[in-house]
Amino acid sequence: MSVMYIRGGAPLEGELTIHGAKNSVLPLLAACLLAGGPVTLHNCPDLTDVEAALAILRHLGCGTKREGRDLTVDPTGASGCSVSEEQMRAMRSSIIFLGALLARAGEAHLTYPGGCELGPRPIDLHLAAIRALGCEVSEDCGIHCHGRPRGGEVQLSIPSVGATENAMLCAVGGTGVTTIANAAREPEIYDLQCFLNALGANVRGAGGSTITVEGGRALHGGEFTVMGDRIVAATMLSAAAAAGGRVRLRGVDWRHLSPVLSVLHQAGCRVTSRLEYVELLRDREKPLRAVPTVRTAPYPGFPTDAQAPVMAALAASEGCTLFVETMFDSRYRHVAELKRMGADITTEGRVALIRGVERLHGAKVEAPDLRGGGALAAAALGAEGVTVLSGLRHIDRGYENLETMLCSLGGDAVRREN
Ligand code: EPZ
């Protein structure tokens with residue numbers, strides 16, 4: 001088993017280009033199934049979740065080839081329409097293949113997806129969207145869907161990211177015009193729209209609450225550059241806030257980070273946002289300050305994925321901060337691990353009260369999920385002494401070589417076999 005040794009207590013200093021976004025590239029990979037020729041994705045991160053998506057594509061008959069950060073998918077030989085239970089369990093995003101398969105083949109056989117354990121993660125909205133587009137869905141020993149999608153009205157009761165993506169993909173392969181109301185507004189949805197349009201689709205409105213898709217256009221191959229990962233950036237900024245120092249991040253749009261930057265600014269960090277970079281400066285001599293309530297919300301609100309890393313930074317601060325997690329039932333599993341490092345945090349349902357302590361200390365901790373793992377690494381850099389972080393399989397799903405990223409910012413982190 002690999003573990004990461006992280007020595008904290010020294011300020012961070014350096015520059016890092018943030019890799020491509022996991023939550024963008026995964027739907028893009030599923031969307032490759034709709035293309036009529038090879039598609040090359042630039043800035044494609046090397047993550048285990050990306051590998052899991054590639055395994056599904058190969059199983060369905062696609063060719064895949066990686067050269068550094070360029071990944072080419074050739075869907076021309078794809079013929080399958082079922083994904084195995086093992087492949088579905090590997091990650092939550094496997095469910096996006098539902099819309100893509102219906103668009104390509106008019107048939108899809110899947111099981112319920114896996115992914116981080118954040119509490120119940122139903123797929124009822126995904127299935128309702130598929131039904132609204134005229135496909136038949138049966139949930140007997142798995143999920144079995146049939147029918148050529150046709151244009152329709154998809155009304156989402158929650159702006160679900162995954163259900164919006166599934167509806168977009170399904171509608172692109174159908175006939176007629178589809179409107180998706182109460183769509184998720186995340187930047188990754190906009191990236192998906194840009195990708196589909198680059199292949200010849202006509203999708204409009206992403207970034208707003210209503211998306212319109214004109215179905216029935218044959219998509220061609222092409223190339224596309226994946227957007228930078230705003231949550232990886234938020235994690236690195238949280239690490240710098242915890243440890244002190246000055247870091248500059250490139251390859252990410254600061255506007256996607258606004259609510260996170262605002263919280264870190266209120267906590268006493270100096271934030272500089274430019275078109276080309278975002279920089280955070282924290283004077284290590286001055287403690288972070290508690291901030292007004294941090295409440296997670298769909299985009300453009302404070303991202304649930306950044307809740308754990310920002311909490312890790314504020315664990316060592318002056319005063320009390322309240323976090324309210326509105327998106328998932330069980331997204332405080334990192335709290336027990338932060339407490340091993342000396343944090344003073346109480347949770348009650350979806351609320352967490354952080355009583356800032358002067359400093360955390362190194363400890364043996366385990367990543368409970370992807371972002372909880374990123375949070376523990378951030379906390380470790382600000383803590384006194386050495387932290388031994390296990391559970392790296394969660395971290396590798398969404399952070400490409402986390403230890404290398406931390407080292408390029410002057411952190412002391414190394415991965416070893418235990
Ligand atoms: C996406 O998950 C992200 N994953 C998550 O990132 C992120 O936390 C989440 O959006 C919210 O921003 C990917 O993009 C691959 P949702 P998704 O559907 O699509 C409920 C990370 O760490 N819901 O927007 O699964 C659901 O239970 C991951 O990178 C239903 O009730 O999220 C949740 O409470 C973790 N029925 C809320 O909606 C449904 O059919 C939002 O979930 C679907 C969702």
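Both backbone and side-chain heavy atoms feed into the values below; hydrogens, waters and symmetry mates do not. Atoms within a ligand are numbered from 1 in the order they appear, just like the ligands themselves.
When non-hydrogen atoms are compared, ligand 1 lies under 4.0 Å from neither the backbone nor the side chain of Glu325. Only the side chain of Leu370 comes within 4.0 Å of ligand 1, counting heavy atoms alone; its backbone N, CA, C and O stay farther away. At a 4.0 Å heavy-atom cut-off, ligand 1 touches Leu125 through backbone and side chain alike. Contacts between Phe328 and ligand 1, counted as non-hydrogen atom pairs separated by less than 4.0 Å, involve the side chain only.
In this structure, Arg295 is not positioned above the aromatic face of Phe323 in the sense of NZ or CZ being under 6.0 Å from the six-membered ring centre and within 45° of the axis. For the pair Arg371 and Tyr399, the cation-pi test (distance below 6.0 Å, angle within 45°) is passed.
For Asp140 and Ser138, the side-chain atoms include no donor-acceptor pair closer than 3.5 Å.
A perpendicular orientation is assigned to the rings of His109 and His146, their planes being inclined by more than 60° (bins at 30° and 60°).
With distances taken over non-hydrogen atoms, the option nearest atom 38 (O) of ligand 1 out of Leu156, Ile158, Val232, Asp369 is Ile158. Relative to atom 29 (O) of ligand 1, the option among Arg92, Met327, Glu186, Arg371 with the closest non-hydrogen atom is Arg371. Residue Pro122 holds the heavy atom nearest to atom 43 (C) of ligand 1 of all those in Pro113, Pro27, Pro122.
Look at Arg131 and Asp124 and you find no salt bridge, because none of the NZ, NE, NH1 or NH2 atoms lies under 4.0 Å from a carboxylate O. Ion pairing between a basic and an acidic side chain is recognised when a charged N comes within 4.0 Å of a carboxylate O; Arg69 and Glu400 show such pairing. Note on Arg397 versus Asp369: no salt bridge recorded, every NZ/NE/NH1/NH2 to OD/OE distance being 4.0 Å or above.
Atoms of ligand 1 lying under 4.0 Å from any heavy atom of Ser93, numbered from 1 in the order shown and given with element: 15 (C). Counting the atoms of ligand 1 from 1 in the order shown, those under 4.0 Å from a heavy atom of Lys22 are 21 (C), 29 (O). Under a 4.0 Å criterion applied to the non-hydrogen atoms of His126, ligand 1 contributes the atoms 40 (O), 43 (C). The ligand atoms of ligand 1 that sit less than 4.0 angstrom from a heavy atom of Arg331 are 8 (O), 22 (O), 35 (C). The ligand atoms of ligand 1 that sit less than 4.0 angstrom from a heavy atom of Thr304 are 8 (O), 11 (C), 12 (O). Which parts of ligand 1 touch Gly162 is read off a 4.0 Å heavy-atom cut-off, strictly below it: atoms 18 (O), 19 (O).
The main-chain N or O of Glu366 is never found under 3.5 Å from a side-chain atom of Arg340 such that the two would form a donor-acceptor pair.
Residues Cys170 and Ile130 come closest through the heavy atom pair SG-CD1, 3.9 Å.
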